There are 2 protein chains.
Amino acid sequence: MRIGELSKRAGVPVPTIKYYVREGLIPGGERIGPNQARYGEEHIHRLKLVRAMVDVGKLSVAATREVLSAIDSPGSSLHDVLGIAQAAVTPQVTAGDRAVWAAAEHEVAELVRRRGWVVKESNPARQALAQLVVTFRDLGQQDLLAILDDYASVAERLAAAELAAIGHREGVDSKVEGAVLGTVLGDALIGAMRRLAQADASHRAFHTAVPG
Amino acid sequence: MRIGELSKRAGVPVPTIKYYVREGLIPGGERIGPNQARYGEEHIHRLKLVRAMVDVGKLSVAATREVLSAIDSPGSSLHDVLGIAQAAVTPQVTAGDRAVWAAAEHEVAELVRRRGWVVKESNPARQALAQLVVTFRDLGQQDLLAILDDYASVAERLAAAELAAIGHREGVDSKVEGAVLGTVLGDALIGAMRRLAQADASHRAFHTAVPG
DNA sequence: AGAACTTGGAGAGATACACTATCCATATGG
DNA sequence: CCATATGGATAGTGTATCTCTCCAAGTTCT
(Lines give C-alpha, C1' and ligand atoms only; values in the text may rest on other atoms or scores of the structure.)
Protein backbone atom coordinates (compact mmCIF):
# COMPACT_ATOMS: atom_id res chain seq x y z
CA MET A 1 0.00 0.00 0.00
CA ARG A 2 1.15 3.55 -0.64
CA ILE A 3 1.11 6.45 1.79
CA GLY A 4 -2.32 7.68 0.74
CA GLU A 5 -4.00 4.44 1.67
CA LEU A 6 -2.01 4.18 4.87
CA SER A 7 -3.24 7.65 5.73
CA LYS A 8 -6.88 6.69 5.17
CA ARG A 9 -6.75 3.41 7.01
CA ALA A 10 -4.93 4.77 10.04
CA GLY A 11 -6.82 8.06 10.09
CA VAL A 12 -3.67 10.15 10.05
CA PRO A 13 -2.97 12.93 7.50
CA VAL A 14 -0.22 12.24 5.00
CA PRO A 15 1.98 15.18 6.09
CA THR A 16 1.76 13.94 9.66
CA ILE A 17 2.89 10.48 8.63
CA LYS A 18 5.85 12.04 6.86
CA TYR A 19 6.57 14.03 9.98
CA TYR A 20 6.51 10.90 12.16
CA VAL A 21 8.87 9.13 9.78
CA ARG A 22 11.23 12.11 9.92
CA GLU A 23 11.09 12.04 13.72
CA GLY A 24 11.85 8.34 13.80
CA LEU A 25 8.54 7.28 15.34
CA ILE A 26 7.69 4.94 12.49
CA PRO A 27 9.95 3.31 9.92
CA GLY A 28 9.81 4.51 6.34
CA GLY A 29 8.18 2.31 3.73
CA GLU A 30 10.03 -0.28 1.75
CA ARG A 31 11.66 1.58 -1.11
CA ILE A 32 10.65 0.28 -4.52
CA GLY A 33 11.79 3.18 -6.63
CA PRO A 34 13.35 6.65 -6.46
CA ASN A 35 10.09 8.12 -5.25
CA GLN A 36 8.00 5.12 -4.37
CA ALA A 37 7.70 3.14 -1.18
CA ARG A 38 5.40 0.42 0.03
CA TYR A 39 3.78 0.22 3.46
CA GLY A 40 2.25 -2.78 5.22
CA GLU A 41 -0.17 -3.67 7.99
CA GLU A 42 2.56 -3.23 10.58
CA HIS A 43 2.76 0.42 9.61
CA ILE A 44 -0.93 0.83 10.37
CA HIS A 45 -0.54 -0.72 13.79
CA ARG A 46 2.53 1.35 14.54
CA LEU A 47 0.73 4.50 13.52
CA LYS A 48 -2.20 3.69 15.81
CA LEU A 49 0.26 3.02 18.59
CA VAL A 50 1.85 6.43 18.08
CA ARG A 51 -1.50 8.19 18.05
CA ALA A 52 -2.56 6.38 21.21
CA MET A 53 0.54 7.54 23.04
CA VAL A 54 0.53 11.07 21.69
CA ASP A 55 -3.19 11.87 21.63
CA VAL A 56 -4.61 9.72 24.40
CA GLY A 57 -1.55 9.24 26.59
CA LYS A 58 -0.40 12.83 26.10
CA LEU A 59 3.21 11.82 25.59
CA SER A 60 5.42 14.23 23.70
CA VAL A 61 6.75 13.10 20.36
CA ALA A 62 10.21 12.83 21.90
CA ALA A 63 8.98 10.66 24.78
CA THR A 64 7.01 8.51 22.37
CA ARG A 65 10.14 7.93 20.32
CA GLU A 66 12.03 6.76 23.39
CA VAL A 67 9.30 4.36 24.40
CA LEU A 68 9.04 2.96 20.90
CA SER A 69 12.75 2.47 20.54
CA ALA A 70 12.71 0.60 23.86
CA ILE A 71 9.97 -1.66 22.51
CA ASP A 72 11.98 -2.18 19.34
CA SER A 73 15.31 -2.97 20.92
CA PRO A 74 15.63 -6.74 20.91
CA GLY A 75 18.02 -7.11 23.83
CA SER A 76 15.97 -5.53 26.58
CA SER A 77 13.73 -7.39 29.03
CA LEU A 78 10.14 -6.54 29.91
CA HIS A 79 11.41 -5.06 33.16
CA ASP A 80 13.83 -2.80 31.30
CA VAL A 81 11.26 -1.64 28.79
CA LEU A 82 8.86 -0.87 31.63
CA GLY A 83 11.52 1.26 33.28
CA ILE A 84 12.04 3.26 30.12
CA ALA A 85 8.32 3.71 29.61
CA GLN A 86 7.97 4.88 33.19
CA ALA A 87 10.78 7.39 32.78
CA ALA A 88 9.12 8.70 29.63
CA VAL A 89 5.76 9.33 31.26
CA THR A 90 7.12 10.71 34.52
CA PRO A 91 7.62 14.46 34.32
CA GLN A 92 10.90 15.87 35.52
CA VAL A 93 10.54 17.89 38.68
CA THR A 94 11.68 21.45 39.30
CA ALA A 95 13.95 21.65 42.31
CA GLY A 96 13.01 23.65 45.38
CA ASP A 97 14.24 24.21 48.91
CA ARG A 98 17.07 21.82 49.92
CA ALA A 99 15.97 20.84 53.42
CA VAL A 100 12.27 20.54 52.65
CA TRP A 101 13.10 18.48 49.62
CA ALA A 102 15.36 16.07 51.49
CA ALA A 103 12.66 15.54 54.09
CA ALA A 104 10.10 14.73 51.42
CA GLU A 105 12.44 12.28 49.72
CA HIS A 106 13.04 10.59 53.02
CA GLU A 107 9.31 10.35 53.56
CA VAL A 108 8.92 8.66 50.19
CA ALA A 109 11.73 6.25 51.01
CA GLU A 110 10.01 5.48 54.29
CA LEU A 111 6.75 4.73 52.52
CA VAL A 112 8.51 2.43 50.08
CA ARG A 113 10.18 0.64 52.96
CA ARG A 114 6.92 0.33 54.89
CA ARG A 115 5.32 -1.25 51.86
CA GLY A 116 8.22 -3.57 51.34
CA TRP A 117 8.59 -2.38 47.76
CA VAL A 118 11.78 -2.92 45.83
CA VAL A 119 12.31 0.25 43.82
CA LYS A 120 15.57 1.62 42.47
CA GLU A 121 16.88 4.81 44.05
CA SER A 122 17.02 6.30 40.58
CA ASN A 123 13.33 5.71 39.80
CA PRO A 124 11.99 9.14 38.77
CA ALA A 125 8.64 8.39 40.39
CA ARG A 126 10.36 8.94 43.74
CA GLN A 127 11.09 12.55 42.91
CA ALA A 128 7.66 13.01 41.42
CA LEU A 129 6.04 11.78 44.61
CA ALA A 130 8.38 13.86 46.77
CA GLN A 131 7.40 16.93 44.82
CA LEU A 132 3.74 16.21 45.46
CA VAL A 133 4.47 15.89 49.18
CA VAL A 134 6.30 19.22 49.19
CA THR A 135 3.51 20.88 47.25
CA PHE A 136 0.75 19.69 49.58
CA ARG A 137 2.75 20.85 52.59
CA ASP A 138 3.54 24.18 51.04
CA LEU A 139 -0.16 24.80 50.46
CA GLY A 140 -1.13 23.89 54.00
CA GLN A 141 -2.76 20.64 52.89
CA GLN A 142 -0.58 18.34 54.98
CA ASP A 143 -3.65 16.58 56.39
CA LEU A 144 -4.32 15.16 52.93
CA LEU A 145 -1.00 13.33 53.14
CA ALA A 146 -2.64 11.01 55.66
CA ILE A 147 -4.20 9.11 52.78
CA LEU A 148 -0.86 8.44 51.07
CA ASP A 149 -1.02 4.89 52.33
CA ASP A 150 -4.45 4.43 50.81
CA TYR A 151 -3.03 5.52 47.50
CA ALA A 152 -0.12 3.14 47.96
CA SER A 153 -2.18 0.05 48.70
CA VAL A 154 -4.50 0.85 45.85
CA ALA A 155 -1.56 1.30 43.49
CA GLU A 156 -0.24 -2.05 44.57
CA ARG A 157 -3.50 -3.71 43.69
CA LEU A 158 -3.62 -2.06 40.28
CA ALA A 159 -0.08 -3.07 39.44
CA ALA A 160 -0.80 -6.66 40.41
CA ALA A 161 -4.01 -6.80 38.37
CA GLU A 162 -2.30 -5.35 35.33
CA LEU A 163 0.64 -7.67 35.48
CA ALA A 164 -1.65 -10.65 35.96
CA ALA A 165 -3.68 -9.69 32.90
CA ILE A 166 -0.53 -9.40 30.84
CA GLY A 167 0.81 -12.66 32.20
CA HIS A 168 -1.96 -14.55 30.43
CA ARG A 169 -0.59 -13.55 27.07
CA GLU A 170 1.67 -15.50 24.79
CA GLY A 171 4.75 -14.05 23.20
CA VAL A 172 7.16 -11.54 24.66
CA ASP A 173 6.33 -8.81 22.15
CA SER A 174 2.69 -8.93 23.08
CA LYS A 175 3.52 -8.74 26.77
CA VAL A 176 5.87 -5.84 26.24
CA GLU A 177 3.33 -3.87 24.26
CA GLY A 178 0.64 -4.56 26.84
CA ALA A 179 2.83 -3.49 29.71
CA VAL A 180 3.88 -0.29 27.99
CA LEU A 181 0.33 0.61 27.04
CA GLY A 182 -0.76 -0.14 30.57
CA THR A 183 1.84 2.28 31.83
CA VAL A 184 1.16 4.99 29.29
CA LEU A 185 -2.63 4.80 29.08
CA GLY A 186 -3.16 3.60 32.64
CA ASP A 187 -2.66 7.09 33.98
CA ALA A 188 -5.52 8.40 31.88
CA LEU A 189 -7.60 5.37 32.78
CA ILE A 190 -7.32 5.67 36.54
CA GLY A 191 -7.75 9.44 36.17
CA ALA A 192 -11.06 9.12 34.37
CA MET A 193 -12.24 6.42 36.73
CA ARG A 194 -11.32 8.52 39.74
CA ARG A 195 -13.38 11.39 38.45
CA LEU A 196 -16.44 9.22 37.98
CA ALA A 197 -16.10 7.79 41.46
CA GLN A 198 -15.46 11.22 42.89
CA ALA A 199 -18.52 12.68 41.23
CA ASP A 200 -20.59 9.90 42.76
CA ALA A 201 -19.03 10.28 46.20
CA SER A 202 -19.57 14.02 46.08
CA HIS A 203 -23.17 13.49 45.03
CA ARG A 204 -23.76 11.16 47.97
CA ALA A 205 -22.10 13.43 50.49
CA PHE A 206 -23.70 16.69 49.50
CA HIS A 207 -27.03 15.88 47.92
CA THR A 208 -28.68 12.90 49.46
CA ALA A 209 -27.66 14.18 52.88
CA VAL A 210 -29.69 17.33 52.38
CA PRO A 211 -33.31 16.29 51.91
CA GLY A 212 -35.59 19.04 50.68
CA MET B 1 4.85 44.26 50.21
CA ARG B 2 5.72 45.21 46.64
CA ILE B 3 6.06 42.94 43.67
CA GLY B 4 9.77 42.34 44.15
CA GLU B 5 9.30 40.86 47.60
CA LEU B 6 6.27 38.88 46.47
CA SER B 7 8.43 37.44 43.73
CA LYS B 8 11.14 36.37 46.17
CA ARG B 9 8.82 34.88 48.76
CA ALA B 10 6.72 32.93 46.29
CA GLY B 11 9.66 31.94 44.11
CA VAL B 12 8.09 33.29 40.94
CA PRO B 13 9.82 35.78 38.60
CA VAL B 14 8.36 39.29 38.50
CA PRO B 15 7.45 39.16 34.79
CA THR B 16 5.62 35.91 35.36
CA ILE B 17 3.61 37.44 38.19
CA LYS B 18 2.67 40.28 35.89
CA TYR B 19 1.68 37.76 33.26
CA TYR B 20 -0.53 35.88 35.70
CA VAL B 21 -2.21 39.12 36.72
CA ARG B 22 -2.84 39.94 33.06
CA GLU B 23 -4.31 36.48 32.54
CA GLY B 24 -6.59 36.87 35.54
CA LEU B 25 -5.07 34.05 37.60
CA ILE B 26 -4.24 36.30 40.52
CA PRO B 27 -5.71 39.66 41.50
CA GLY B 28 -3.61 42.76 41.08
CA GLY B 29 -2.19 44.43 44.17
CA GLU B 30 -4.02 47.13 46.08
CA ARG B 31 -3.29 50.33 44.19
CA ILE B 32 -1.66 53.01 46.38
CA GLY B 33 -0.44 55.33 43.65
CA PRO B 34 -0.25 55.70 39.87
CA ASN B 35 2.53 53.16 39.69
CA GLN B 36 2.52 51.55 43.08
CA ALA B 37 0.57 48.62 44.43
CA ARG B 38 0.68 46.61 47.62
CA TYR B 39 0.48 42.81 47.90
CA GLY B 40 -0.38 40.68 50.92
CA GLU B 41 0.04 37.17 52.25
CA GLU B 42 -3.00 36.04 50.32
CA HIS B 43 -1.16 36.85 47.11
CA ILE B 44 1.65 34.53 48.13
CA HIS B 45 -0.75 31.70 48.78
CA ARG B 46 -2.57 32.30 45.55
CA LEU B 47 0.66 32.31 43.63
CA LYS B 48 1.70 29.01 45.17
CA LEU B 49 -1.70 27.62 44.28
CA VAL B 50 -1.25 28.68 40.67
CA ARG B 51 2.22 27.16 40.48
CA ALA B 52 0.96 23.93 42.00
CA MET B 53 -1.76 23.62 39.38
CA VAL B 54 0.36 24.71 36.43
CA ASP B 55 3.71 23.10 37.25
CA VAL B 56 2.76 20.06 39.30
CA GLY B 57 -0.80 19.46 38.12
CA LYS B 58 0.07 20.28 34.48
CA LEU B 59 -3.06 22.37 34.02
CA SER B 60 -2.98 24.96 31.29
CA VAL B 61 -3.18 28.58 32.32
CA ALA B 62 -6.69 28.74 30.87
CA ALA B 63 -7.85 25.69 32.84
CA THR B 64 -6.24 27.06 35.98
CA ARG B 65 -8.15 30.28 35.56
CA GLU B 66 -11.43 28.41 35.32
CA VAL B 67 -10.74 26.38 38.42
CA LEU B 68 -9.69 29.44 40.38
CA SER B 69 -12.72 31.42 39.37
CA ALA B 70 -14.88 28.50 40.50
CA ILE B 71 -13.13 28.56 43.86
CA ASP B 72 -13.66 32.30 44.05
CA SER B 73 -17.33 32.37 43.14
CA PRO B 74 -19.24 32.62 46.41
CA GLY B 75 -22.50 31.06 45.25
CA SER B 76 -21.28 27.64 44.19
CA SER B 77 -21.31 24.55 46.36
CA LEU B 78 -18.45 22.14 46.89
CA HIS B 79 -20.13 19.75 44.51
CA ASP B 80 -20.31 22.41 41.81
CA VAL B 81 -16.72 23.48 42.24
CA LEU B 82 -15.63 19.87 42.04
CA GLY B 83 -17.48 19.50 38.77
CA ILE B 84 -15.72 22.50 37.30
CA ALA B 85 -12.35 21.30 38.51
CA GLN B 86 -13.02 17.90 36.99
CA ALA B 87 -13.98 19.43 33.66
CA ALA B 88 -10.79 21.47 33.70
CA VAL B 89 -8.49 18.51 34.24
CA THR B 90 -10.30 16.16 31.86
CA PRO B 91 -8.96 16.45 28.33
CA GLN B 92 -11.45 16.77 25.51
CA VAL B 93 -11.53 13.73 23.30
CA THR B 94 -11.11 13.59 19.55
CA ALA B 95 -14.06 11.89 17.90
CA GLY B 96 -13.69 8.67 15.96
CA ASP B 97 -15.86 6.02 14.35
CA ARG B 98 -19.57 6.43 15.18
CA ALA B 99 -20.58 2.84 15.88
CA VAL B 100 -17.45 1.90 17.80
CA TRP B 101 -17.79 5.04 19.83
CA ALA B 102 -21.41 4.44 20.77
CA ALA B 103 -20.55 0.93 21.89
CA ALA B 104 -17.79 2.22 24.12
CA GLU B 105 -20.03 4.85 25.66
CA HIS B 106 -22.60 2.20 26.35
CA GLU B 107 -19.94 0.08 27.99
CA VAL B 108 -19.03 2.97 30.26
CA ALA B 109 -22.66 3.55 31.14
CA GLU B 110 -22.96 -0.12 31.96
CA LEU B 111 -19.96 0.06 34.26
CA VAL B 112 -21.40 3.07 36.03
CA ARG B 113 -24.72 1.28 36.47
CA ARG B 114 -23.01 -1.88 37.73
CA ARG B 115 -21.20 0.16 40.31
CA GLY B 116 -24.33 1.99 41.32
CA TRP B 117 -22.66 5.30 40.72
CA VAL B 118 -24.66 8.46 40.22
CA VAL B 119 -22.86 10.42 37.52
CA LYS B 120 -24.31 13.03 35.18
CA GLU B 121 -24.58 12.11 31.52
CA SER B 122 -22.61 15.25 30.74
CA ASN B 123 -19.62 14.33 32.90
CA PRO B 124 -16.62 14.56 30.55
CA ALA B 125 -14.93 11.66 32.30
CA ARG B 126 -17.43 9.40 30.53
CA GLN B 127 -16.07 10.35 27.14
CA ALA B 128 -12.52 10.16 28.39
CA LEU B 129 -13.06 6.62 29.58
CA ALA B 130 -14.90 5.67 26.41
CA GLN B 131 -11.95 6.89 24.38
CA LEU B 132 -9.62 4.73 26.41
CA VAL B 133 -11.85 1.72 25.76
CA VAL B 134 -11.85 2.43 22.04
CA THR B 135 -8.10 2.88 22.01
CA PHE B 136 -7.36 -0.39 23.80
CA ARG B 137 -9.66 -2.23 21.43
CA ASP B 138 -8.18 -0.60 18.39
CA LEU B 139 -4.74 -1.73 19.44
CA GLY B 140 -5.81 -5.30 20.05
CA GLN B 141 -5.49 -4.95 23.80
CA GLN B 142 -9.10 -5.78 24.61
CA ASP B 143 -8.00 -8.35 27.19
CA LEU B 144 -6.68 -5.51 29.35
CA LEU B 145 -10.22 -4.16 29.61
CA ALA B 146 -10.97 -7.09 31.92
CA ILE B 147 -9.38 -5.13 34.75
CA LEU B 148 -11.65 -2.12 34.29
CA ASP B 149 -13.62 -3.22 37.33
CA ASP B 150 -10.46 -3.37 39.40
CA TYR B 151 -9.77 0.20 38.42
CA ALA B 152 -13.33 1.14 39.29
CA SER B 153 -13.35 -0.35 42.77
CA VAL B 154 -9.98 1.17 43.48
CA ALA B 155 -11.17 4.57 42.30
CA GLU B 156 -14.15 4.27 44.58
CA ARG B 157 -11.93 3.67 47.54
CA LEU B 158 -9.71 6.62 46.71
CA ALA B 159 -12.64 8.98 46.32
CA ALA B 160 -14.04 7.88 49.66
CA ALA B 161 -10.71 8.29 51.45
CA GLU B 162 -10.22 11.72 49.98
CA LEU B 163 -13.66 12.96 50.84
CA ALA B 164 -13.32 11.60 54.35
CA ALA B 165 -10.03 13.43 54.85
CA ILE B 166 -11.58 16.65 53.67
CA GLY B 167 -14.64 16.11 55.80
CA HIS B 168 -12.55 16.54 58.93
CA ARG B 169 -11.83 20.12 58.04
CA GLU B 170 -13.55 23.22 59.29
CA GLY B 171 -14.71 25.96 56.99
CA VAL B 172 -16.13 25.66 53.51
CA ASP B 173 -13.23 27.46 51.83
CA SER B 174 -10.77 25.03 53.28
CA LYS B 175 -12.85 22.08 52.12
CA VAL B 176 -13.23 23.51 48.66
CA GLU B 177 -9.52 24.10 48.25
CA GLY B 178 -8.73 20.64 49.54
CA ALA B 179 -11.19 18.99 47.18
CA VAL B 180 -9.91 20.90 44.19
CA LEU B 181 -6.28 20.15 44.99
CA GLY B 182 -7.19 16.53 45.52
CA THR B 183 -8.70 16.48 42.06
CA VAL B 184 -5.93 18.37 40.34
CA LEU B 185 -2.89 16.89 42.10
CA GLY B 186 -4.46 13.51 42.78
CA ASP B 187 -3.86 12.42 39.21
CA ALA B 188 -0.14 13.02 39.55
CA LEU B 189 -0.18 11.37 42.97
CA ILE B 190 -1.79 8.11 41.92
CA GLY B 191 0.35 8.17 38.79
CA ALA B 192 3.60 8.32 40.73
CA MET B 193 2.38 5.75 43.21
CA ARG B 194 1.32 3.42 40.45
CA ARG B 195 4.77 3.58 38.93
CA LEU B 196 6.46 2.70 42.19
CA ALA B 197 4.13 -0.22 42.75
CA GLN B 198 4.55 -1.32 39.17
CA ALA B 199 8.33 -1.22 39.38
CA ASP B 200 8.12 -3.42 42.46
CA ALA B 201 5.65 -5.83 40.88
CA SER B 202 7.77 -6.07 37.77
CA HIS B 203 10.84 -6.70 39.89
CA ARG B 204 9.11 -9.52 41.71
CA ALA B 205 7.75 -11.12 38.57
CA PHE B 206 10.88 -11.01 36.46
CA HIS B 207 13.82 -11.04 38.83
CA THR B 208 13.20 -13.07 41.93
CA ALA B 209 11.61 -15.73 39.75
CA VAL B 210 14.85 -16.30 37.91
CA PRO B 211 17.50 -17.35 40.44
CA GLY B 212 21.02 -17.32 39.09
C1' DA C 1 19.26 66.76 46.75
C1' DG C 2 20.84 63.82 43.24
C1' DA C 3 21.89 59.25 41.42
C1' DA C 4 20.64 54.67 40.98
C1' DC C 5 17.25 51.47 41.28
C1' DT C 6 12.33 49.66 41.45
C1' DT C 7 7.56 49.67 40.08
C1' DG C 8 3.18 49.00 37.28
C1' DG C 9 1.45 48.35 33.00
C1' DA C 10 1.36 47.12 28.22
C1' DG C 11 3.09 45.50 23.93
C1' DA C 12 6.54 42.98 21.47
C1' DG C 13 9.70 39.21 21.23
C1' DA C 14 11.43 34.48 22.44
C1' DT C 15 11.03 29.66 22.74
C1' DA C 16 9.13 25.19 22.21
C1' DC C 17 6.15 21.99 20.16
C1' DA C 18 3.44 19.59 16.81
C1' DC C 19 2.12 19.78 13.01
C1' DT C 20 0.99 21.75 7.77
C1' DA C 21 2.12 23.72 3.40
C1' DT C 22 4.88 24.14 -0.50
C1' DC C 23 7.98 22.60 -3.91
C1' DC C 24 9.73 19.53 -7.39
C1' DA C 25 11.30 15.74 -9.95
C1' DT C 26 9.48 11.38 -10.73
C1' DA C 27 5.52 7.67 -11.02
C1' DT C 28 1.01 6.02 -11.54
C1' DG C 29 -3.54 5.25 -13.45
C1' DG C 30 -7.78 5.92 -16.05
C1' DC D 1 -1.33 11.39 -22.13
C1' DC D 2 -2.03 14.10 -18.58
C1' DA D 3 -4.20 15.04 -14.04
C1' DT D 4 -3.09 13.20 -9.78
C1' DA D 5 -0.14 11.00 -6.25
C1' DT D 6 4.43 10.23 -4.26
C1' DG D 7 8.74 10.87 -1.49
C1' DG D 8 11.73 13.95 0.48
C1' DA D 9 13.23 18.33 2.01
C1' DT D 10 12.53 22.98 3.62
C1' DA D 11 9.84 26.48 5.28
C1' DG D 12 5.82 28.22 7.54
C1' DT D 13 1.72 28.11 10.93
C1' DG D 14 -0.73 28.20 15.26
C1' DT D 15 -0.75 27.74 20.10
C1' DA D 16 0.95 28.27 24.61
C1' DT D 17 3.87 30.17 28.13
C1' DC D 18 6.52 32.90 29.36
C1' DT D 19 10.35 36.87 28.99
C1' DC D 20 11.97 41.32 27.41
C1' DT D 21 11.69 46.13 26.67
C1' DC D 22 10.02 50.53 27.44
C1' DC D 23 8.55 54.54 30.07
C1' DA D 24 6.93 57.63 33.33
C1' DA D 25 6.38 57.69 38.14
C1' DG D 26 8.04 56.29 42.82
C1' DT D 27 11.66 54.91 46.27
C1' DT D 28 16.11 54.21 48.44
C1' DC D 29 20.91 55.16 49.09
C1' DT D 30 24.43 58.43 50.23
Side-chain angles (χ1 to χ4, degrees), chain A residues 1-40 43-44 47-68 88-89 91-92 94 184, chain B residues 1-40 43-44 46-68 88-89 91-92 94:
Chain A
M1 119 186 66
R2 294 195 294 168
I3 203 170
E5 191 183 344
L6 177 61
S7 166
K8 273 197 191 65
R9 294 198 32 205
V12 178
V14 170
T16 304
I17 295 176
K18 290 183 176 183
Y19 168 65
Y20 288 160
V21 172
R22 272 206 303 284
E23 292 294 319
L25 299 190
I26 56 178
E30 178 199 356
R31 300 300 310 277
I32 57 172
N35 67 335
Q36 292 294 302
R38 185 159 33 208
Y39 301 87
H43 285 95
I44 296 178
L47 218 31
K48 285 181 179 174
L49 200 56
V50 168
R51 292 301 257 204
M53 298 207 218
V54 170
D55 289 351
V56 185
K58 304 296 173 191
L59 287 205
S60 70
V61 167
T64 303
R65 177 173 44 229
E66 281 183 47
V67 172
L68 287 174
V89 300
Q92 289 304 306
T94 51
V184 172
Chain B
M1 114 186 70
R2 296 195 293 170
I3 203 172
E5 191 182 344
L6 177 61
S7 166
K8 274 197 190 64
R9 293 195 37 203
V12 179
V14 170
T16 303
I17 296 176
K18 290 182 176 183
Y19 167 65
Y20 287 159
V21 172
R22 272 206 302 283
E23 291 295 316
L25 299 191
I26 55 179
E30 179 199 355
R31 300 299 311 275
I32 57 173
N35 66 337
Q36 293 294 301
R38 187 158 34 207
Y39 301 87
H43 286 94
I44 295 178
R46 180 74 167 216
L47 219 32
K48 285 182 180 175
L49 201 55
V50 169
R51 291 301 257 203
M53 297 207 220
V54 170
D55 290 350
V56 185
K58 304 293 172 195
L59 288 205
S60 70
V61 166
T64 303
R65 177 173 45 229
E66 281 182 47
V67 172
L68 287 173
V89 301
Q92 289 305 305
T94 50

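Chain letters run A, B, ... following the sequence lines, proteins first and then strands; every chain starts at 1. Note that the structure is a prediction, hence the values are computed from the model and not measured.
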What is the distance from atom [atom1] of [X] to atom [atom2] of [Y], rounded to the nearest 0.5 Å?
{"X": "A:Ile17", "Y": "A:Leu47", "atom1": "CD1", "atom2": "CG", "answer": "5.0 Å"}
{"X": "B:Arg9", "Y": "B:His43", "atom1": "CZ", "atom2": "NE2", "answer": "12.5 Å"}
{"X": "A:Glu66", "Y": "A:Ser60", "atom1": "CD", "atom2": "OG", "answer": "8.0 Å"}

Between atom [atom1] in [X] and atom [atom2] in [N], what is the gap in whole Å?
{"X": "B:Glu30", "N": "C:dT7", "atom1": "CD", "atom2": "C1'", "answer": "16 Å"}
{"X": "B:Tyr19", "N": "C:dG13", "atom1": "OH", "atom2": "C1'", "answer": "14 Å"}
{"X": "B:Glu23", "N": "C:dG9", "atom1": "CD", "atom2": "C1'", "answer": "14 Å"}
{"X": "A:Glu5", "N": "C:dG29", "atom1": "CD", "atom2": "P", "answer": "12 Å"}
{"X": "A:Leu47", "N": "C:dA18", "atom1": "CG", "atom2": "P", "answer": "16 Å"}
{"X": "B:Arg2", "N": "C:dG8", "atom1": "CZ", "atom2": "P", "answer": "7 Å"}

Using a 6.0 Å cut-off, check whether atom CZ of B:Arg38 has over 12 heavy atoms from anything other than its own residue.
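No, not enclosed.
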Assign [X] to base, sugar-phosphate, or nothing according to its heavy-atom contacts below 4.0 angstrom with the strands shown.
{"X": "B:Arg31", "value": "sugar-phosphate"}
{"X": "B:Pro34", "value": "sugar-phosphate"}
{"X": "B:Gly4", "value": "sugar-phosphate"}
{"X": "A:Val14", "value": "nothing"}
{"X": "A:Val54", "value": "sugar-phosphate"}

Donor-acceptor pair, B:Arg31 side chain versus B:Pro34 backbone, under 3.5 Å?
yes
B:Lys18 vs B:Asn35, nearer the 5' end of DNA chain D by closest nucleotide:
B:Lys18
Please tell me which of A:Tyr39 and B:Ile32 maps to the more 5' nucleotide of DNA chain D, matching each residue to the nucleotide holding its nearest heavy atom.
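The residue mapped nearer the 5' terminus is A:Tyr39.
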Test side-chain hydrogen bond (donor to acceptor under 3.5 Å, both in side chains) applied to B:Arg46 and B:Tyr39, step by step
CA-CA 11 Å; B:Arg46 180 74 167 216; B:Tyr39 301 87; over 6 Å; no
Can you give me the closest heavy-atom contact between B:Val61 and B:Leu25, atom names plus distance?
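Of all heavy-atom pairs spanning B:Val61 and B:Leu25, the closest is O-CD2, 3.5 Å.
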Does A:Thr16 place a side-chain N or O at less than 4.0 Å from the phosphate oxygens OP1/OP2 of C:dA18?
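So the side-chain polar atoms of A:Thr16 never come under 4.0 Å of the phosphate oxygens OP1 or OP2 of C:dA18.
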Taking heavy atoms of chain B and a 4.0 Å limit, find me the 5'-most and 3'-most nucleotide of DNA chain D within that range.
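Terminal contacting nucleotides, 5' to 3': D:dT17 to D:dT27.
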